[in-house]
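This chain uses plain numbering: 1 for the first residue, then up along the sequence.
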Amino acid sequence: MRQFFTIASRKIGWKEFFLSRTIAWLLVGAVILTALFKIALPLFVSTASVKTNMENVLSSWTGARANIVGDPQISFWPHPVLTLRNVTFEGGDAAAPELLAKADAIAAGFDILAALRGTPLFYDFHLVNPVFKVERRLDGTFNWRRAGWMADAIADASGKTPSPARNTPLGDIEIINGTLELTDRVTSSAHRVTAITGAVQWRTPTARLNASLSAVMNGQPVQWSITCDEPLMLLSGQNGTLQTAFSSIPLTFSFDGNGNISNHPFAIGQLQLKARSTSTLEAWFKGQPLPPAGTGAIAVNTSVTMSAQAWKMDNLSLSLDESNATGVLGIAWNETRGPRIDGTLAFDQLDLAQIISSAQSGSVLPLDRTLLQQFNLDLRLSAQEVSYDTAALTDVAAGVMVENGRASIDIGDGTFAGGTISGRIALANGGTEGGQMQFALKNADLAPVAASLGLTGPLPLGRGVLSVDLSADRPLQTLTKDGISGEIRYSANNGTVVNFDLPEFERLAAQGRAFSISHATNGSFPFMTADIAATLRKGVVELTSADITGEGRTLSLAGTIPVSSGTLALVGGVRAGDDPTPATRFFVDGSWPNPLISPLPAIITQP
C-alpha cells in the first residue's frame with residue numbers, strides 16, 4: 001500500500017494528492033451532515049414542544065389566542081422550516097371565542113440550536129390564504145386588543161418598558177392570497193380586500209421596514225408599498241419617516257414625509273393624489289362597475305400637514321380636468337358640525353359646464369341638500385377666465401360659502417362682454433326652502449350677451465346695463481318654471497334694434513292686414529335709449545314697460561309672455577316725436593323670433 005501511495009504521489013504530485021483527499025473528506029462530511037439533518041436532528045427536536053412554542057409565540061406577538069390543528073411539519077433541508085396547518089387566532093372570552101384571523105398554513109424558519117434547547121426562535125414567515133378580520137365596534141374599540149409582542153416592542157421603543165422583543169428576529173413576512181375583512185359598526189359599512197400577495201421585509205423591530213403588496217379592492221387590482229426607517233418609533237407615538245404609495249385605476253396617491261400614529265396622529269410631508277373622476281371613485285367605493293373614462297379627472301400636489309382634527313395644504317397645485325389652480329386649503333373636522341373647508345384658489349381657466357357635468361355624472365349634485373348639510377365651506381376663488389358653454393368671464397373674483405346648510409356664491413368682480421359683472425346665488429337650507437339669484441352687468445356690450453343666450457330676431461342691442469333679481473320659495477329639487485319670481489331690467493344707450501326695418505314695419509301696419517315680423521327685418525333701427533322692465537310671476541313674464549327711443553320715433557311694448565309656451569301677447573305702438581298718441585298701434589302674437597303682427601285701429605278721441 002505504501003508503495004502504491006509512493007508510486008501515485010510520484011505520478012500526480014503530492015499537492016494534487018492531498019487536494020483530492022480533502023475533497024473526498026468534504027464529500028463524506030456532507031453526506032454525514034445530510035444524514036444528521038434528515039435522520040438524527042428530528043429525533044432531538046420535539047414536535048409537540050415546537051408546536052406549543054409556536055402557539056405561545058403567535059399568541060404573544062398578536063395578543064390573540066393562537067390554535068394549531070394537527071401536528072406541525074418540520075423540514076431541516078436546506079434549512080430548518082416549520083409548517084403549521086389550519087391556524088386560527090381568537091379573541092374575547094374562552095367561553096365565547098371570537099374569530100380574529102385564520103390561515104390555511106403558516107411556515108417559518110427557526111434557529112436549530114434554540115430548538116434543541118426547547119426555546120426555538122422563528123423568522124421568515126410565509127402565510128398561505130390568511131384571512132384577517134378587523135372590526136370597529138359601536139363604542140369605538142377594535143376587536144384586536146393591543147397586547148403581546150407588538151405592544152411590548154412599542155413600549156420598548158418609547159422607553160417605557162425594556163423588552164427583549166426589541167431584538168427579536170423577524171425576517172421576511174410573505175403573504176400569499178390573503179384577505180382583509182373590515183367592518184365598521186359606527187358607520188354601518190363593510191369592505192373586503194382580497195388576493196393580498198406580497199412581502200414585508202422587517203429583519204428586526206428596530207430595522208427598516210419595506211412592504212410591497214398587491215390586492216383586489218372592490219373588484220379593482222391595487223398596488224401598495226410602504227417604507228419606514230424606524231417603524232417602532234411611529235408605532236410608539238414618536239416621529240418617524242414614512243414613504244408610501246398606492247396605485248389603482250380609480251385612485252393613486254403617494255406620501256413622503258414624517259409623522260406618528262399615536263392617540264393624536266400627525267404627519268407632514270409631500271402628498272400627490274390623482275383620481276380618474278368623482279363618478280369613478282363613487283362606483284369603486286360602492287363596489288359597482290367603473291363607468292367609462294370621461295371628464296372629471298382630479299389631481300393634487302401639495303405640502304400637507306395632517307392631524308386627526310385638521311389638514312393644511314400649502315403650495316397646493318390642483319387640477320380639475322383642464323382647469324388648473326394654485327393656492328392654500330385647510331380642512332378642519334368637528335364632531336358636531338362636520339368638516340369645514342377654508343382656503344384660496346387661483347385658477348387659470350375654469351370650465352363650469354364641464355365641472356357641473358362631471359358632478360352630475362357622479363350623482364353628487366352641488367345642490368344636494370344632504371351634501372350641503374354635511375360640511376361648511378369658506379372658499380375664495382379667482383380665475384383669469386370662467387366659461388360656461390359659449391359665455392366667458394375674465395378676471396373673476398368670487399367667494400363660495402356653505403354654512404349650516406345655507407350656500408351662497410358671490411361674484412365680487414369680473415369682466416364680461418366688455419363690462420363689469422357682480423352677483424350672488426344663495427340657497428336656503430340646502431335648497432329645500434328655495435333660493436335667490438341676483439346679478440348686474442354694467443357698461444357691457446349686450447350683443448354678445450344675447451348671442452350667449454341664443455336670442456335671435458329683432459333685439460335692441462347696445463352698451464348698457466342688465467340686472468336680474470330672481471327667487472324661489474319651493475324646494476329646488478321639485479322646482480318648475482312656475483315657482484320662479486322676480487324682476488328683470490334692461491337699459492342701453494346709442495344702440496340698434498337689429499333685424500328691424502321701422503319704415504317698412506309702419507308701411508305694412510298702415511295696410512291694416514296682419515303680417516309676419518320677418519317681412520320687416522331687412523334693416524335696423526338706431527336708438528338713443530332703450531329701457532325695458534319686466535316681472536316674472538307664476539311662470540309668466542309681464543313686460544311692464546319697454547320704450548326704445550330713436551331719431552323721431554319711439555317704439556313701445558307691453559304685455560305678457562308665458563314661459564312654458566313662449567308665445568307672445570303684446571300690445572305695441574310707434575309714436576312720432578313727443579306725441580303721446582301712437583301713430584301706429586299693433587298686437588304681437590305667436591312665437592319669437594317670427595311672431596305675427598296684427599295692426600290695430602287708431603284710437604279716436606272725442607273733442
Minimum side-chain heavy-atom gap [X]-[Y] below 4.5 Å:
X	Y	value
Gln220	Pro250	yes
Arg553	Phe525	yes
Leu459	Asn499	no
Ile421	Leu393	yes
Thr521	His519	no
Ile249	Leu290	yes
Trp592	Ile561	no
Ile226	Leu242	yes

Could you verify whether a donor N or O on one side chain and an acceptor N or O on the other, from [X] and [Y], lie under 3.5 Å apart?
X	Y	answer
Asn301	Gln270	yes
Asp229	Thr241	yes
Arg575	Ser556	yes
Trp224	Thr244	yes
Asp351	Ser323	no
Ser319	Asn324	yes
Asn210	Thr227	yes

*Ion pair present between Glu403 and Arg340, side-chain N to carboxylate O less than 4.0 angstrom?*
yes
Tell me the closest heavy-atom pair linking [X] and [Y], and the distance in Å.
X	Y	answer
Arg136	Val186	NH2-CB, 3.6 Å
Leu446	Tyr490	CD1-CE1, 2.8 Å
Leu461	Ala450	CD2-CB, 4.0 Å
Val574	Leu502	CG2-CD1, 4.1 Å
Thr302	Val300	CG2-CG1, 3.9 Å

Does [X] [atom1] have over 12 foreign heavy atoms under 6.0 Å away?
X	atom1	answer
Arg489	CZ	no
Arg507	CZ	yes
Glu487	CD	no

Flag, side chain of [X] to backbone of [Y], donor-acceptor distance under 3.5 Å:
X	Y	value
Asp410	Gly412	no
Thr560	Glu542	no
Arg463	Asn443	yes

*Give me the one residue out of Leu318, Thr305, Val328, Leu329 that meets side chain to side chain contact (heavy atoms under 4.5 Å, CB included) with Met313.*
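It is Leu329; the other options fail the test.
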_Qualifying residue for side chain to side chain contact (heavy atoms under 4.5 Å, CB included) with Leu557, from Leu543, Asp547, Ile532_ = Leu543
*Does the separation of the ring centres of Phe586 and Phe505 fall below 6.0 angstrom?*
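Yes, the ring centres sit under 6.0 Å apart.
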